[in-house]
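Residue numbers start from 1 in every chain, and the chains themselves are labelled A, B, ... in the order their sequence lines are given, proteins ahead of strands. Side-chain atoms are counted along with the backbone in the values below, which use heavy atoms only and exclude waters and symmetry mates.
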2 protein chains.
Amino acid sequence: MDQPAHPDHACGHDRAGLVARAERLCRERGLLFTPLRQRTLEVIAGETRPLGAYDIAERLSLPGRRVAAVSVYRALDFLTENGLVHRLASRNAFVPCDHSHSGGESAVFLICRACGAVDETTSAEIERGLNRTLARAGFRPASRIVEIEGECGACQEREGAEG
Amino acid sequence: MDQPAHPDHACGHDRAGLVARAERLCRERGLLFTPLRQRTLEVIAGETRPLGAYDIAERLSLPGRRVAAVSVYRALDFLTENGLVHRLASRNAFVPCDHSHSGGESAVFLICRACGAVDETTSAEIERGLNRTLARAGFRPASRIVEIEGECGACQEREGAEG
DNA sequence: TACCGTCCCGTTACACTGTAACAGGCGGGG
DNA sequence: CCCCGCCTGTTACAGTGTAACGGGACGGTA
């Protein structure tokens with residue numbers, strides 16, 4: 001769990017920690033943490049706001065070396081399948097997985113319309129409610145999407161000060 | 001106008017009731033329930049499974065008279081803004097609003113991967129959990145998305161019977 | 001009547017999202 | 001060595017969504 005002295009420069013996420021977790025996870029599961037996958041993960045972790053696949057492709061491309069979106073999609077499939085990034089269905093965009101939900105609880109995303117920041121949290125009560133609702137309906141869940149769009153606290157204050 | 005005694009033939013939703021609700025709502029709010037909007041709503045209500053905008057456009061088109069997707073999008077914007085249809089973020093598709101959540105509770109969608117059916121329900125417990133989570137984070141919500149993908153009860157039974 | 005603004009809708013064009021299919025490279029195992 | 005599986009690059013294409021412009025219908029106003 002060694003964190004670097006300076007967690008990240010202007011980045012919203014713990015890039016080094018996420019890469020370290022990915023390397024460990026791939027070693028354990030016998031998967032390949034290829035350069036493309038690593039760079040894709042780094043690009044996502046190096047951004048405060050969710051990125052679209054084409055944004056990622058652009059950031060991965062160099063003057064002579066263009067990365068096609070389809071390659072990014074494959075890397076993203078790998079990263080999401082292994083719990084390293086999340087896909088926001090309401091935005092068609094990707095964010096790193098905070099891993100604050102280690103207990104198998106599904107994630108709740110708070111997406112700010114003003115600044116674009118995404119907060120990933122969990123709630124035992126929401127989880128309980130979902131499980132009861134699913135049981136009542138006899139529905140076997142495969143994936144759960146809980147995304148709230150609105151305004152984060154910081155942007156509410158900023159707006160109040162300005163307006 | 002006159003609907004047959006049997007509510008709907010092979011349709012999954014109460015088409016006539018939804019149209020009646022739309023007419024009443026538009027009268028109350030001084031909005032126009034134009035033919036395009038009505039036909040769009042009817043197409044959505046006449047289908048068991050969620051439809052994409054281009055599917056709707058295709059169903060609305062006649063041999064000589066083609067409806068462009070952009071027109072459908074505008075009708076869909078109107079219908080969603082007025083609570084007559086819902087958009088499924090995980091599918092980029094639209095379903096009629098059951099209006100079972102009259103109490104202002106946000107909807108929970110159970111989407112079956114096997115048969116494509118969508119069940120719209122609500123849960124006071126989920127609502128409470130969401131509200132607490134939002135309050136704790138100081139987040140002001142504008143829209144809430146709760147979509148569970150999985151297998152509905154009927155398809156589980158069918159699968160078990162087949163093998 | 002003419003004029004004006006608004007709303008709705010048709011049209012074109014375009015950008016973004018996502019997948020299918022095929023080919024080449026690379027490494028491991030027979 | 002060949003075979004096989006995995007990853008990546010490439011092309012092509014289908015689906016999703018919006019911006020911009022123009023015209024028609026309709027109501028209000030002079």
For D/dT16, take OP1 and OP2 only and decide whether either is under 4.0 Å from a side-chain N or O of B/R87. no

From CD1 of A/I56 over to P of C/dC16, roughly how many Å is that when rounded to an integer? 14 Å

A/T122 versus A/S106, closest heavy-atom pair with distance: CG2-O, 3.6 Å

Separation of D/dG17 C1' from B/D77 CG (nearest whole Å): 10 Å

Phosphate OP1/OP2 of C/dG18: any A/Y73 side-chain N/O under 4.0 Å: yes

Mind calculating the distance between CG (A/L60) and C1' (D/dT8) to the nearest angstrom? 13 Å

Test: B/R15 and B/E42 ion pair at under 4.0 Å: no

Between A/D55 (CG) and C/dT17 (C1'), how many Å, whole number? 11 Å

Base, sugar-phosphate, or nothing: which does A/R91 touch, judged by heavy atoms less than 4.0 Å apart? nothing

Would you say A/N92 reaches D/dT16's phosphate, i.e. side-chain N/O to OP1/OP2 under 4.0 Å? no

As an exercise, state the distance from OG of B/S123 to CZ of B/R128, rounded to the nearest 0.5 Å. 7.5 Å

Applying ring-ring contact (aromatic ring centres under 6.0 Å, His included), can you list everything that pairs with A/F109, at least two apart in sequence or on another chain? A/H86

Nucleotide N/O of nucleotides 7-11 of chain C paired with protein N/O under 3.5 Å:
{"residue": "C/dC8", "atom": "OP1", "partner": "B/R37", "partner atom": "NH1", "Å": "3.1"}
{"residue": "C/dC8", "atom": "OP1", "partner": "B/R37", "partner atom": "NH2", "Å": "3.0"}
{"residue": "C/dC8", "atom": "O5'", "partner": "B/R37", "partner atom": "NH2", "Å": "3.2"}
{"residue": "C/dC9", "atom": "OP1", "partner": "B/T34", "partner atom": "OG1", "Å": "2.5"}
{"residue": "C/dG10", "atom": "OP2", "partner": "B/S71", "partner atom": "OG", "Å": "2.7"}
{"residue": "C/dG10", "atom": "N7", "partner": "B/R74", "partner atom": "NH2", "Å": "2.6"}
{"residue": "C/dG10", "atom": "O6", "partner": "B/R74", "partner atom": "NH1", "Å": "3.2"}
{"residue": "C/dG10", "atom": "O6", "partner": "B/R74", "partner atom": "NH2", "Å": "3.4"}

Test salt bridge (charged side-chain N to carboxylate O under 4.0 Å, His left out) on A/E147 and A/R91 and set out the steps. CA-CA 10 Å; A/E147 297 178 15; A/R91 293 275 178 123; over 6 Å; no

When rounded to the nearest 0.5 Å, the distance separating CZ of B/R27 from CG of B/L32 is 13.0 Å

Could you tell me the separation between the CG atom of A/L79 and the C1' atom of D/dC7, rounded to a whole number of Å? 14 Å

